[in-house]
Amino acid sequence: MKRFETPGNVTALEAASPVISCSPVNSYNEWDPLEEVIVGIADGARFPAWHVAVEAVLPPEKIDTVRVHAGKPFPNETIDGARRELDTLAGILEREGVTVRRPENRDNGQAFGAPGWTSAGFYQAMPRDVLLVVGEDLIECPMAWRSRYFEMLAYRPLLKNYFASGARWSAAPRPELPDAFFDNDWSEGDDGTDRRFVISEFEPTFDAADFIRCGRDLFVQKSHVTNRFGIDWLRRHLGSAFRIHEVKFDDDRPMHIDASLMPLAPGKLLINPERVRTIPLQFKDWEVRTAPPPPPRAQPLYLCSGWINMNVLTLDPQRVIVEEEDTPMAEAIAAWGFDVIRCPFRHFQSLGGSFHCATLDVRRRGRLESYF
Ligand code: ARG
């Protein structure tokens with residue numbers, strides 16, 4: 001297996017060639033030219049089974065709705081609309097020359113469990129959450145939500161194919177998720193104090209979407225699904241070619257960093273103006289702009305905030321996919337010099353994410369570089 005090359009350590013042959021990888025998996029950042037992507041599916045999507053770890057990330061006004069619907073399918077209108085939008089997104093990507101793969105449809109109503117607990121499935125809509133690509137390594141994440149314990153199975157047909165064509169395929173230690181892992185009395189901490197998380201440090205857990213990749217440097221937030229143990233596990237797994245920086249934002253319900261921090265191209269960082277009060281010092285030489293406030297919308301957001309408007313997908317350092325009705329974001333991104341591609345995604349967003357969440361960039365044309 002080919003080892004990662006650090007920037008100071010490239011051979012003359014590699015320096016002469018723009019493409020150094022022959023692995024089917026190769027993605028070091030959020031902006032290199034996209035070649036292959038997994039796009040999630042909405043079919044069979046259900047509200048997550050009720051659990052304290054779910055409650056911890058919900059805006060208070062959404063708790064009752066999600067609790068009432070826990071374990072039930074999302075409304076047909078949401079699923080049908082999201083399916084259409086995902087197909088539109090897949091069509092746009094294919095027209096732009098990107099190979100699109102889709103996960104398998106699963107019965108999320110089927111019960112499963114581990115010693116001490118039972119649950120049922122959630123969805124196959126957000127490959128970004130479950131799988132982490134760092135360079136040539138495709139990693140199955142140790143999810144803290146019980147309802148997501150087997151979510152990666154929907155991607156296994158793809159993973160087996162990538163493996164057959166030479167990919168490195170890894171999985172973090174499978175968590176136990178016993179009751180004692182969670183703080184069953186969790187309630188929101190007081191402002192100004194260190195935030196209390198609903199998960200403990202009993203075992204490593206992390207969701208891929210708590211990480212943002214910028215070449216040698218990755219940024220991560222501790223959250224209600226990602227603990228210090230999980231971050232340390234990944235740090236040691238990736239080794240010395242990468243540096244993982246922990247960042248902290250003003251987010252009362254942290255779960256997934258990609259509605260807080262979104263690098264669009266080398267030197268261009270989009271931030272959430274409510275959450276990112278201090279720019280991580282690594283970005284001091286980057287141009288930083290704030291996301292415009294999300295415009296009003298007709299469709300409900302069951303599981304996330306309106307800041308999901310920031311969750312755009314970069315096709316290369318020039319082209320960005322933005323939600324069709326989100327004119328403030330489209331204008332802000334265009335004014336920054338990008339070409340904006342608009343795609344309807346309002347129904348999909350009801351499931352709790354947007355373009356970045358709905359996709360996993362398996363391959364981008366590029367190599368390991370340092371941007372700081
Ligand atoms: N927690 C974020 C918010 O409510 C949403 C992040 C969604 N990201 C994802 N990869 N599913 O603003």
Under the side-chain contact (heavy atoms from CB on, under 4.5 Å) criterion, do M262 and T314 qualify, and how do the steps go? CA-CA 10 Å; M262 187 58 75; T314 299; 5.9 Å; no
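- Under a 4.0 Å N-O distance rule, the pair E246/R228 qualifies as a salt bridge.
- Ring geometry for F338 versus W336: interplanar angle over 60°, hence perpendicular rather than tilted (30 to 60°).
- If you take OG on S305 and CZ on R253, they are separated by 9.5 Å, rounding to the nearest 0.5 Å.
- Across all their heavy atoms, A291 and M329 have their closest contact at CB-CE, 3.9 Å.
- Between E323 and R342 there is no salt bridge, since none of the side-chain N atoms of the basic residue sits less than 4.0 Å from a carboxylate O of the acidic one.
- A salt bridge links E96 with R319: the closest approach of a Lys/Arg side-chain nitrogen to an acidic carboxylate oxygen falls below 4.0 angstrom.
- The backbone N or O of V68 sits less than 3.5 Å from a side-chain atom of K72, completing a donor-acceptor pair.
- Here the closest heavy-atom approach between residue Y155 and residue P103 is recorded as CE2-CB, 3.5 Å.
- At a cut-off of 3.5 Å, with distance as the only test, a side-chain donor of Y162 or E36 sits close to an acceptor on the other residue.
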Begin from the C-alpha positions of I231 and W233 and carry the test side-chain contact (heavy atoms from CB on, under 4.5 Å) through to its verdict. CA-CA 5 Å; I231 297 171; W233 182 88; over 6 Å; no
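- Rounded to the nearest 0.5 Å, atoms NE2 (H245) and CD1 (I212) are 13.5 Å apart.
- Side chain to side chain, N311 and Q349 fail the donor-acceptor criterion of an N or O pair below 3.5 Å.
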Could you go through the ring-ring contact (aromatic ring centres under 6.0 Å, His included) check for F211 and F219 one step at a time? CA-CA 6 Å; F211 294 83; F219 297 86; over 10 Å; no
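- Side chain of N26 to main chain of G366: a donor-acceptor pair is present (N/O by atom type, distance under 3.5 Å, no hydrogens or angles).
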Mind running ring-ring contact (aromatic ring centres under 6.0 Å, His included) on Y302 and F74 for me, showing each step along the way? CA-CA 10 Å; Y302 295 110; F74 277 93; 5.8 Å; yes
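- The structure places OH of Y149 at 6.0 Å from CG of L177, a figure rounded to the nearest 0.5 Å.
- Side chains of H237 and D137: a donor on one and an acceptor on the other come within 3.5 Å.
- By the criterion of side-chain heavy atoms lying less than 4.5 angstrom apart, applied directly or through intervening Ile, Leu, Val, Met, Phe, Trp or Tyr residues, L264 is grouped together with V340 in one hydrophobic cluster.
- Two residues are said to be in side-chain contact when any heavy atoms from C-beta on lie closer than 4.5 Å; I244 and L234 meet this criterion.
- Side-chain N or O atoms of Q318 include one that pairs as donor or acceptor with a backbone N or O of G337 at under 3.5 Å.
- The main-chain N or O of N161 is found under 3.5 Å from a side-chain atom of S165 such that the two form a donor-acceptor pair.
- Side-chain contact between D326 and R297 is absent, with no heavy atoms from C-beta onward closer than 4.5 Å.
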Between E324 and F345, is a side-chain contact (heavy atoms from CB on, under 4.5 Å) present by the stated rule, with each step listed? CA-CA 7 Å; E324 188 170 69; F345 227 48; over 6 Å; no
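- R106 contributes no side-chain N or O that, together with a main-chain N or O of Q124, makes up a donor-acceptor pair within less than 3.5 Å.
- Screening R213, R365, E35 against S27 for a side-chain hydrogen bond (donor to acceptor under 3.5 Å, both in side chains) leaves a single residue, R213.
- Looking at every heavy atom in both residues, H224 comes nearest to V198 through ND1-N, 3.1 Å.
- In this structure, T78 OG1 and F348 CZ are separated by 11.5 Å, a value rounded to the nearest 0.5 Å.
- Ring geometry, F242 versus Y28: the interplanar angle falls under 30°, so the pair is classed parallel (tilted spans 30 to 60°).
- Not a single donor-acceptor pair under 3.5 Å links the side chain of N29 to the backbone N or O of G215.
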Would D43 and Y123 satisfy side chain to side chain donor-acceptor pair (under 3.5 Å), going step by step from the backbone distance to the final call? CA-CA 8 Å; D43 305 80; Y123 52 38; over 6 Å; no
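- Between D250 and R275 there is no salt bridge, since none of the side-chain N atoms of the basic residue sits less than 4.0 Å from a carboxylate O of the acidic one.
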Verdict with supporting geometry, D87 and R102, salt bridge (Lys or Arg N to Asp or Glu O under 4.0 Å): CA-CA 10 Å; D87 290 346; R102 310 295 297 269; 3.2 Å; yes
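- Put simply, CG on D207 and CD on Q221 are 10.5 Å apart, with the number rounded to the nearest 0.5 Å.
- Results of the salt bridge (charged side-chain N to carboxylate O under 4.0 Å, His left out) test with R196 over D183, D185, D252 single out D183 as the only residue that passes.
- A salt bridge does not link E85 with R83: none of the charged nitrogens is closer than 4.0 Å to a carboxylate oxygen.
- Of the charged side-chain nitrogens involved, at least one lies within less than 4.0 Å of a carboxylate oxygen, so that R364 and D361 count as a salt-bridged pair.
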Evaluate R216 against S370 for side chain to side chain donor-acceptor pair (under 3.5 Å), listing each step before the verdict. CA-CA 5 Å; R216 270 177 73 92; S370 187; 4.6 Å; no
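- Judged by distance alone, the side chains of T359 and R128 do bring a donor and an acceptor atom under 3.5 Å apart.
- For L132 against A208, the heavy-atom pair with the smallest separation is CB-CB, 3.6 Å.
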Using the side-chain contact (heavy atoms from CB on, under 4.5 Å) rule, take H256 and T226 through it: C-alpha gap first, then chi angles, then the decisive distance, then the call. CA-CA 9 Å; H256 304 156; T226 296; over 6 Å; no
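- Taking both residues in full, the closest heavy atoms of Q282 and F372 are given as O-CD2, 3.0 Å, listed atom of the first, atom of the second, then distance.
- Two rings, from W145 and F182, have their centers 6.0 Å or more apart.
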Going through the distances and angles, do W186 and E55 end up as a side chain to side chain donor-acceptor pair (under 3.5 Å)? CA-CA 9 Å; W186 180 87; E55 182 174 351; over 6 Å; no
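- Note on ring orientation: taking the six-membered ring where Trp is involved, the planes of W286 and F283 are perpendicular (angle over 60°, cut-offs 30° and 60°).
- Here the CG atom belonging to N227 is positioned 7.0 Å from the OG atom belonging to S200, to the nearest 0.5 angstrom.
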